Structures are given as structure tokens and as C-alpha cells.
Amino acid sequence: MKSPQLLLSEEACRDLSQCPVLNLSLIVPVYNEEDTVDIFVDRVSLMFADASDLQLELIFVNDGSCDDTLTRLLSRQRQDGRIRIVDLARHFGKESALSAGLDAATGRVLVPIDVDLQDPPELIFEMITHWRQGFDVVIARRSHRGSDSWTKRQSATWFYRIHNWIAEPKLPENAGDFRLMDRMVVDALGDLPESRRFMKGLFAWVGFRTTFIDYVRPPRISGTSKFNGWRLWNLALEGLTSFSTAPLRIWTYLGGVVAVASLLYGAFIAMQVLVHGVDLPGYASVFVAVTFLGGLQLIGIGIVGEYLGRAYLESKRRPCYLVRRIYDSGG
Ligand code: UDP
Ligand code: MG
């Protein structure tokens with residue numbers, strides 16, 4: 001717990017007159033991005049060239065790329081001392097790469113940003129203005145998803161709809177990882193013990209004073225998206241199972257409803273036989289009921305399995321990433 005004096009001086013740091021230079025860390029996860037690294041560094045360097053009130057730190061997290069991404073990064077680092085490279089031991093996925101970058105960053109404010117320029121770096125100035133006004137988190141929200149494919153738009157809409165219906169806390173719609181966060185928000189994230197990290201959910205869980213700025217997401221500058229349908233589906237499952245137990249609990253209620261309905265139906269059949277002496281109908285209804293209930297049970301077991309699998313992996317307490325080496329400029 002920080003002392004009130006320290007918190008006060010941290011607040012004063014938002015005031016331009018009291019704290020003229022702001023330490024800003026950009027966290028850039030990269031996975032097979034040899035074509036985009038240079039374009040990104042050029043654009044960011046140009047943008048911050050005149051920003052004398054900002055001390056920039058560019059943290060690239062190499063997420064086990066198998067192309068020339070690391071070589072490109074190292075060559076850029078020789079020309080630009082603000083670049084630090086966290087080279088992960090293998091491919092861990094974007095969520096882990098982001099965690100690695102946030103852990104390594106030293107800035108007072110931190111911004112995770114994609115290397116493909118789909119998160120326009122120009123917005124960072126506006127984010128800083130909001131931060132100076134007292135917000136701890138400034139989220140860039142896509143005003144529309146025109147640059148995404150139809151399938152990606154639909155799946156995103158349905159994911160947010162279902163997630164926000166059954167899970168707490170709610171995720172802000174159309175908000176990705178591109179956001180400015182105060183150091184205390186990132187420290188709070190670092191204190192969360194789980195090793196399977198669904199970052200959008202964790203960002204929402206820690207909360208803090210939050211505001212939004214809207215932007216139109218441009219298409220990728222080069223290369224292709226690293227998230228295909230299967231990976232998006234798994235990310236959605238991770239999000240739902242990390243922040244909601246509703247899919248587990250629903251089976252209790254569904255089981256109750258089916259049990260009561262079958263009791264009533266059983267009573268109805270008994271009445272028919274006793275009162276009217278009607279013959280029992282054929283096997284078709286029994287067949288349908290057995291297969292339907294069998295299917296339901298398998299789905300139920302599958303969902304329990306999803307949670308059990310995650311609890312099993314979490315119980316191993318493995319770190320969510322391993323660093324092979326950190327390349328500091330000159331080091
Ligand atoms: N990325 C990563 N690891 C992965 C997938 C992606 O570090 O397993 C990085 C990627 O290099 C890029 C950012 O995460 O900087 C966003 O990836 P992408 O553009 O493929 O995602 P999309 O914009 O399609 O959601
Ligand atoms: Mg992208």
C-alpha cells in the first residue's frame with residue numbers, strides 16, 4: 001500500500017508544469033512481423049520527433065517469431081537507443097507477450113500497441129491529454145469495424161453479447177488492447193496471480209478511472225492477421241471461462257427442468273394407461289428422448305471439462321511466459 005504522500009506526488013506528476021517530462025512506454029508484441037517492424041519504427045520516430053515533453057521507451061516483445069523479426073529489431077536498436085527487445089523463449093501468444101512487455105516496461109504511462117499500425121500511434125497524444133486530466137485508463141474504441149472481415153465482425157459482436165450477458169465485469173465493446181494505462185493500473189495487473197491471462201478481461205477487472213476515445217481502425221499496413229477463426233474461438237472460450245461460471249451452473253437448472261418435465265410426462269402416460277387403457281406409443285419418442293438427453297449430457301461434460309482443464313493448467317503455477325533474453329541498447 002502506497003503512502004498518501006507518494007500518491008499525492010504521483011498525482012502532481014500529471015501536471016505538465018510540475019512534471020515536464022513524461023515517461024511513456026509503448027509495448028509492441030511482434031510475431032513474424034519482419035515486413036512491418038521498420039514501417040512501425042519509422043512512423044513512431046517521426047511522430048515523437050518533436051515531443052520534447054515525452055521520454056519514449058519502445059518495448060518490442062518477440063513472441064517466438066520464426067522469420068527475421070528479431071534481426072530487424074536488433075538492427076533498428078543499433079540506430080535507436082529507445083528500443084528494448086524482450087525475446088521470449090518460444091511462441092507464447094499475444095496475451096502472454098503483452099504481459100511480458102508490461103512487466104518489462106518502466107514508463108509512468110504505458111500503451112500496448114500493435115505493430116501493424118492498425119492502432120494509430122497519433123492517438124497517443126490525445127490519450128495523454130485525458131490522462132493529464134485525471135483518467136487512469138484511456139481506451140481507444142473502434143467506432144466501426146469496417147476493416148475487419150464479415151466473419152470477424154459477426155464473431156466479435158456475438159462474443160461481446162454473450163460475454164457481457166453472462167460474465168462480470170462487462171467488457172467495453174469494440175475496445176481492443178490499444179489503451180493508455182497509468183503505472184498504478186499496470187502494477188495492479190502485475191499483482192494478479194493467474195498465469196492464463198485473458199488481457200481484455202483483466203483490464204476490465206482492475207477497473208480504475210476510465211474514459212474512451214473513438215477512432216476508425218485502418219487495415220493492416222502489411223502482412224496478414226495472426227488470428228484465424230480457430231484461434232479467435234479459443235480466445236473467446238478463454239475469456240468466457242475465465243470470467244464466468246454461468247456455463248457450469250446452467251446445467252443444474254437445465255437438469256431440473258428436464259427432470260420435472262419427464263416426471264410430468266411420466267405421470268401423463270400413467271394416467272392415459274390407467275384411465276383410458278391406451279397402448280404405449282412406439283419407440284420413436286423414446287429414441288428421440290434418449291439421443292437428445294445423451295447429447296445434452298455430453299455437452300455438459302464437455303463444458304465441465306473446459307473448466308477442469310483450465311483449473312488443471314492453472315494449478316501447475318507455470319509462468320505465463322519465459323524470457324530468452326532482454327536486449328537493452330548498448331547491452
Ligand atoms: N501477435 C503476437 N503473437 C501472436 C499473434 C499476434 O505477438 O500470437 C502480435 C502481432 O505481431 C501484432 C499484434 O499482436 O503486433 C496484433 O496481431 P494481428 O494484427 O495479427 O491481430 P488482428 O489485428 O488481426 O486482431
Ligand atoms: Mg492487426
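Only a predicted model underlies this, so the values are computations on that prediction, with no experimental measurement involved.
- Here D42 pairs with R76 in a salt bridge; the nearest charged N to carboxylate O distance falls below 4.0 Å.
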* Are I213 and L123 close enough, and set up right, to give a side chain to side chain contact (heavy atoms under 4.5 Å, CB included), and what steps lead you there? -> CA-CA 9 Å; I213 53 179; L123 289 180; 4.3 Å; yes

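- Counting non-hydrogen atoms of other residues, nucleotides and ligands closer than 6.0 Å to CH2 of W205 gives a total of 12 or fewer.
- Salt-bridge formation is not detected for the pair R142/D214: no Lys NZ or Arg NE/NH1/NH2 atom is positioned less than 4.0 Å from an Asp or Glu carboxylate oxygen.
- For D50, the CG atom counts as loosely surrounded, since its 6.0 Å shell holds 12 or fewer non-hydrogen atoms of other residues, nucleotides or ligands.
- Salt-bridge formation is not detected for the pair K170/E173: no Lys NZ or Arg NE/NH1/NH2 atom is positioned less than 4.0 Å from an Asp or Glu carboxylate oxygen.
- A cation-pi geometry, defined here as NZ or CZ lying under 6.0 Å from the six-membered ring centre and within 45° of its normal, does not hold between R161 and F159.
- Atom CG of L293 has more than 12 neighbouring heavy atoms from other residues, nucleotides or ligands inside a 6.0 Å radius.
- A salt bridge links D114 with K94; the closest basic N to acidic carboxylate O contact falls under 4.0 Å.
- By the 4.0 Å N-to-carboxylate-O rule, R196 lies too far from E95 to be salt-bridged with it.
- Using a 4.0 Å cut-off between charged nitrogen and carboxylate oxygen, R310 and E306 count as a salt-bridge pair.
- Note on ring orientation: taking the six-membered ring where Trp is involved, the planes of F125 and F48 are tilted (angle from 30° to 60°).
- Under the side-chain contact (heavy atoms from CB on, under 4.5 Å) rule, R108 has a single partner from L24, L22, V21, V186, which is L22.
- Around atom CZ of R249, no more than 12 heavy atoms belonging to other residues, nucleotides or ligands sit under 6.0 Å away.
- The pair R209-D136 does not count as a salt bridge, with every side-chain nitrogen at least 4.0 angstrom from each carboxylate oxygen.
- At a threshold of 4.0 Å, the pair D328-R84 counts as salt-bridged, since one of the basic side-chain nitrogens sits closer than that to a carboxylate oxygen.
- Ion pairing between R217 and D119 holds under the 4.0 Å rule for side-chain N and carboxylate O.
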* Evaluate the criterion salt bridge (charged side-chain N to carboxylate O under 4.0 Å, His left out) for residue pair R43 and E122; output intermediate values, then yes/no. => CA-CA 9 Å; R43 170 106 158 248; E122 291 74 16; 2.9 Å; yes

